[in-house]
> 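Here's a structure for you.
Just so you know, these numbers come straight off a predicted model, no measurement behind them. By convention here, the first residue in the shown sequence is residue 1.
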Amino acid sequence: MALSATFTLPSSSSFGLYSKTRKPFFSHSLNFINPLKIRASTTLDYSSVSTNGKPSPLKTSNWQWKFKDNSVNIYYEEHVKEAPEPSQNILMLPTISDVSTVEEWRSVAGDIIQRNGNVNWQATIVDWPGLGYSDRPKIEYNADVLEKFLVDFINSPDGPIKQAENDLIIFGGGHAASIVIRAAKKGLLKPKAIAAVAPTWAGPLPIVFGRDSSMETRYGFLRGTLKAPAVGWMMYNMLVSNENAIQSQYKSHVYANPDNVTPGIVESRYALTKRKGARYLPAAFLTGLLDPVTSREEFLQLFADLVGKTPVLVLSAEGAPKRSKAEMEALKGAKGVSKFVEVPGALLPHEEYPSVVAQELYQFLQEYFDIVA
């Protein structure tokens, strides 16, 4: 999303959808040959979902997250392979954006669980509150709220994650990766390993226009407008919830290869923008409220504080937007980064190039845990 050079609000004539220098707002898409339209439900049939021609058996369900006075219905999927050995769970977290969804990790999950080795892999993919197929209540979303959700999802006695927290492996894309690492730094989570795929930390507007008091005031005005009952939907529909804008952004920077953006991808993402409450969390993301840190120095320190505690893989995307790419590259050789690899793709390499990303993730697991024959 972009504003004019003077950041004039709220005139639509000076209110472009995205920044040409950053091209940030959307960071999701889908990579299925046969597009699959789904609704969050405990009775979905995914028997036709496949990865590289192999069936990817999965279970879908919902979990009630209690947050203040809200009971938020959380959608998640479990990708499993029947085997006699005990399973090792991997939690996969979608990249945070206005069209965030579990769909982006499905191909990677299907690839990994079908591999034969000494471990029976299982993958859990969850939609963040306010995104995907989870409920989208009107709450004050920020990085702390998402961090609390993540900790509760993993540690709650009645939660879906049955693996001990210090035996859980977590893969996250974009902001999700940074939120995981921040929680691990605080000791709120103790994962066995972390993979940060195309990690980011700055929201679309702050990374372009900064965070001085004047800009923060304007961000607040924009958030309030987007959340308003009538004008909020009008602005959201104009800026976000339209197929032309989604297609343009996917082709320009979400995917590295515009030819990979199919009508099915655009339709799937567009449907997400029409869900009840769809605009509330994106308003926070756009204006920087979901940023886990406020500077590159803080970003690097998150990783540095995990030295000797948790192995961390960083997958940087070759075709990421310039400013996002610079933050990824800053992690090359950084303290706390166990391994740094560049893969094809832009903001969603794990969805656009799932086979490549799955291979790198699997190799990381082999190298650091020596668990596959």
> Kindly say whether P292 contributes a backbone atom to a donor-acceptor pair with the side chain of R182 at under 3.5 angstrom?
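Yes.
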
> Checking the side chain of K339 only, and the main-chain atoms of L313 only, is there a donor and an acceptor separated by less than 3.5 Å?
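Not confirmed, K339 side chain does not pair with L313 backbone.
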
> Between E329 and K325 (salt bridge meaning N to carboxylate O under 4.0 Å), is one present in this structure?
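Looking at E329 and K325, the cut-off is met.
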
> Would Q366 and Y368 count as having a side-chain donor-acceptor pair, cut-off 3.5 Å?
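The answer is no; no qualifying pair exists.
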
> Go through the steps for K332 and E342 under the test side-chain contact (heavy atoms from CB on, under 4.5 Å), then give the verdict.
CA-CA 10 Å; K332 189 172 185 178; E342 189 166 73; over 6 Å; no

> Roughly how far apart are I154 CD1 and K190 NZ, rounded to 0.5 Å?
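If I round to the nearest 0.5 Å, the distance is 13.0 Å.
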
> Determine, step by step, whether N237 and K274 satisfy the side chain to side chain donor-acceptor pair (under 3.5 Å) criterion, reporting the C-alpha distance in whole Å, the side-chain angles of both residues, the deciding distance to 0.1 Å, and the verdict.
CA-CA 9 Å; N237 288 336; K274 293 302 182 183; 3.2 Å; yes

> Under a single-linkage definition using a 4.5 Å side-chain heavy-atom cutoff for Ile, Leu, Val, Met, Phe, Trp and Tyr, are M328 and L331 assigned to the same hydrophobic cluster?
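No: no chain of side-chain contacts under 4.5 Å links M328 to L331.
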
> Any donor and acceptor pair, going by atom type alone, linking the side chain of Q122 with main-chain N or O of I113 inside 3.5 Å?
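No, the answer is negative, given that no donor and acceptor are paired below the 3.5 Å cut-off.
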
> Using the benzene-type ring in the case of Trp, are the ring centres of F153 and W63 under 6.0 Å apart?
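Ring centroids of F153 and W63 are less than 6.0 Å from each other.
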
> Using only atom types and a distance under 3.5 Å, with no angle test, would you say the side chain of E352 pairs donor to acceptor with the backbone of L348?
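Side chain of E352 to backbone of L348, a donor-acceptor pair under 3.5 Å: no, none is there.
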
> With no hydrogens and no angle check, do the side chains of S355 and Q359 hold a donor and an acceptor under 3.5 Å apart?
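No pair is found: no donor N or O on one side chain lies under 3.5 Å from an acceptor on the other.
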
> Parallel, tilted or perpendicular: which fits the ring planes of F303 and F299, with parallel below 30° and perpendicular above 60°?
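The arrangement is perpendicular - the two ring planes meet at more than 60°.
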
> Are L289 and F67 connected in the hydrophobic side-chain network, where two residues link if heavy atoms are under 4.5 Å apart?
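No; tracing contacts between hydrophobic side chains, which count when under 4.5 Å, never links both residues.
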
> Quick check against the 3.5 Å criterion: does S268 have a side-chain atom that pairs as donor or acceptor with the backbone of G264?
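No: the side chain of S268 does not pair with the backbone of G264.
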
> Please evaluate residues W121 and I169 with respect to the criterion side-chain contact (heavy atoms from CB on, under 4.5 Å), reporting the C-alpha separation (whole Å), side-chain torsions for both, the decisive distance (0.1 Å), and the verdict.
CA-CA 11 Å; W121 293 106; I169 295 165; 3.8 Å; yes

> Can you see whether Y133 has R275 sitting over its ring - NZ or CZ less than 6.0 Å from the centre and within 45° of the normal?
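Judged by the rule, R275 and Y133 form no cation-pi pair.
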
> Does any part of the side chain of I181, heavy atoms only, come nearer than 4.5 Å to the side chain of I179, both counted from C-beta?
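I179 does not reach I181 side chain to side chain.
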
> Does some side-chain heavy atom of V126 sit less than 4.5 Å from a side-chain heavy atom of Y75?
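They are not in contact (no side-chain heavy atoms under 4.5 Å apart), so the answer is no.
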
> Checking the side chain of Q88 only, and the main-chain atoms of D167 only, is there a donor and an acceptor separated by less than 3.5 Å?
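Yes, the answer is positive, given that a donor and an acceptor are paired below the 3.5 Å cut-off.
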
> Before you tell me yes or no, could you show the steps for H79 and R106 under side-chain contact (heavy atoms from CB on, under 4.5 Å), namely the whole-Å CA-CA distance, both residues' side-chain angles and the distance that decides it to 0.1 Å?
CA-CA 8 Å; H79 295 243; R106 282 189 189 146; 4.0 Å; yes

> Please name the pair of heavy atoms, one in A177 and one in G172, separated by the smallest distance, quoted to 0.1 Å.
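Looking at all heavy atoms of both residues, the shortest contact is CB-O, 3.4 Å.
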
> Check whether the ring centres of F171 and H350 lie less than 6.0 Å apart, and answer yes or no.
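Ring centres of H350 and F171 not closer than 6.0 Å.
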
> Assess, by modelled atom type and distance only, whether the side chains of T273 and D98 contain a donor and an acceptor separated by less than 3.5 Å.
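Looking only at side-chain atoms, D98 and T273 do not form any donor-acceptor pair under 3.5 Å.
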
> Give the minimum heavy-atom separation between M238 and N242, together with the two atoms involved.
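Taking M238 first and N242 second, the nearest heavy atoms are O-ND2, 3.1 Å.
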
> Any ion pair linking R115 and D111 (charged N to carboxylate O, less than 4.0 Å)?
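The answer is yes: the pair qualifies as a salt bridge.
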
> Donor-acceptor pair, distance only, cut-off 3.5 Å: does the side chain of R211 make one with the backbone of I207?
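No; judged by distance alone, with no hydrogens or angles, the pair does not exist.
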
> Side-chain contact, heavy-atom cut-off 4.5 Å: L272 with T101?
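Counting from C-beta outward, L272 and T101 do come under 4.5 Å.
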
> If hydrophobic clusters are built by linking Ile, Leu, Val, Met, Phe, Trp and Tyr wherever their side-chain heavy atoms come under 4.5 Å apart, do V119 and F364 end up in the same one?
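Yes, V119 connects to F364 through the hydrophobic network.
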
> If you count heavy atoms of other groups shown closer than 6.0 angstrom to CG of D69, is the number above 12?
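Check fails, neighbour count at 12 or below.
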
> Could you tell me if the side chain of K335 sits less than 4.5 Å from the side chain of Q301, heavy atoms only?
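No, too far: nothing below the 4.5 Å cut-off.
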
> Within a radius of less than 6.0 Å around CD of Q363, do more than 12 heavy atoms belonging to other residues, nucleotides or ligands occur?
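Buried by this count: over 12 neighbours within 6.0 Å.
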
> How close do W128 and S100 get, counting heavy atoms only, and between which atoms?
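Smallest interatomic distance, heavy atoms only, reads CD1-OG, 4.1 Å.
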
> Are the side chain of S134 and the backbone N or O of D127 linked by a donor-acceptor pair below 3.5 Å?
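Yes, because the side chain of S134 sits within donor-acceptor range (under 3.5 Å) of the backbone of D127.
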
> Scan side-chain atoms only and decide if Q247 and E243 contain a donor-acceptor pair under the 3.5 Å cut-off.
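The answer is no; no qualifying pair exists.
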
> How far apart are the C-alpha atoms of S316 and F340, what are their side-chain angles, what is the distance that settles it, and do they pass the side-chain contact (heavy atoms from CB on, under 4.5 Å) test?
CA-CA 7 Å; S316 176; F340 182 96; 3.4 Å; yes

> Output the distance between atom CG (L205) and atom CZ (F285), rounded to the nearest 0.5 Å.
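It is 9.5 Å, given to the nearest 0.5 Å.
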
> Which atoms form the tightest heavy-atom contact between L306 and K185, and what is the distance?
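Here L306 and K185 meet closest at CD2-N, 3.9 Å.
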
> K322 vs E327, test: salt bridge (charged side-chain N to carboxylate O under 4.0 Å, His left out). Steps then yes/no.
CA-CA 9 Å; K322 182 178 179 181; E327 302 308 312; over 6 Å; no

> Below 4.5 Å, heavy atoms only, C-beta onward: do P282 and L286 meet side chain to side chain?
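No - every pair of side-chain heavy atoms lies 4.5 Å or more apart.
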
> State, to 0.1 Å, how close L188 and N155 come at their nearest heavy-atom pair, and which atoms those are.
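In terms of heavy atoms, the two residues are closest at O-ND2, 3.5 Å.
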
> If you measure only the distance, is there a donor-acceptor pair under 3.5 Å linking the side chains of E78 and S61?
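Not at all, the side chains of E78 and S61 share no donor-acceptor pair under 3.5 Å.
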
> Do T217 and F221 have side chains that get closer than 4.5 Å, going by heavy atoms?
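Answer no - side chains too far apart.
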
> W65 side chain to N73 main-chain N or O, any donor-acceptor pair under 3.5 Å?
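Checking the backbone N and O of N73 against the side chain of W65, no donor-acceptor pair under 3.5 Å is found.
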
> Are Q64 and S71 linked by a side-chain donor-acceptor pair shorter than 3.5 Å?
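The criterion, which ignores hydrogens and geometry beyond distance, is satisfied for S71 and Q64.
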
> Output the distance between atom CG (L300) and atom CH2 (W201), rounded to the nearest 0.5 Å.
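Rounded to the nearest 0.5 Å, the CG-CH2 separation comes to 10.0 Å.
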
> Using a 4.5 Å cut-off on heavy atoms from C-beta on, say whether the side chain of V145 contacts that of E140.
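No, too far: nothing below the 4.5 Å cut-off.
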
> Quick check for you: to the nearest 0.5 Å, what is the distance between K192 atom NZ and I90 atom CD1?
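The CD1 atom of I90 is 10.5 Å from NZ of K192, to the nearest 0.5 Å.
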
> In Å, rounded to the nearest 0.5 Å, how long is the span from OH of Y353 to OH of Y255?
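Rounded to the nearest 0.5 Å, the OH-OH separation comes out at 9.5 Å.
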
> State, with a plain yes or no, whether a side-chain heavy atom of I74 is found less than 4.5 Å away from one of N62.
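Counting from C-beta outward, I74 and N62 never come under 4.5 Å.
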
> If you compare all heavy atoms of M92 against all heavy atoms of P94, which two are closest, and at what distance to 0.1 Å?
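Shortest heavy-atom separation between M92 and P94 comes out as O-CD, 3.8 Å.
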
> Would you compute the distance between atom CG of L93 and atom CD1 of I96 and round it to the nearest 0.5 angstrom?
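Nearest 0.5 Å value for the CG-CD1 distance: 8.5 Å.
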
> Do side-chain atoms of N257 reach the backbone of D259 as a donor and acceptor pair under 3.5 angstrom?
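Looks like yes, one N/O pair under 3.5 Å.
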
> May I have the step-by-step check of salt bridge (charged side-chain N to carboxylate O under 4.0 Å, His left out) for K148 and D144, ending in yes or no?
CA-CA 6 Å; K148 176 171 174 49; D144 292 337; over 6 Å; no

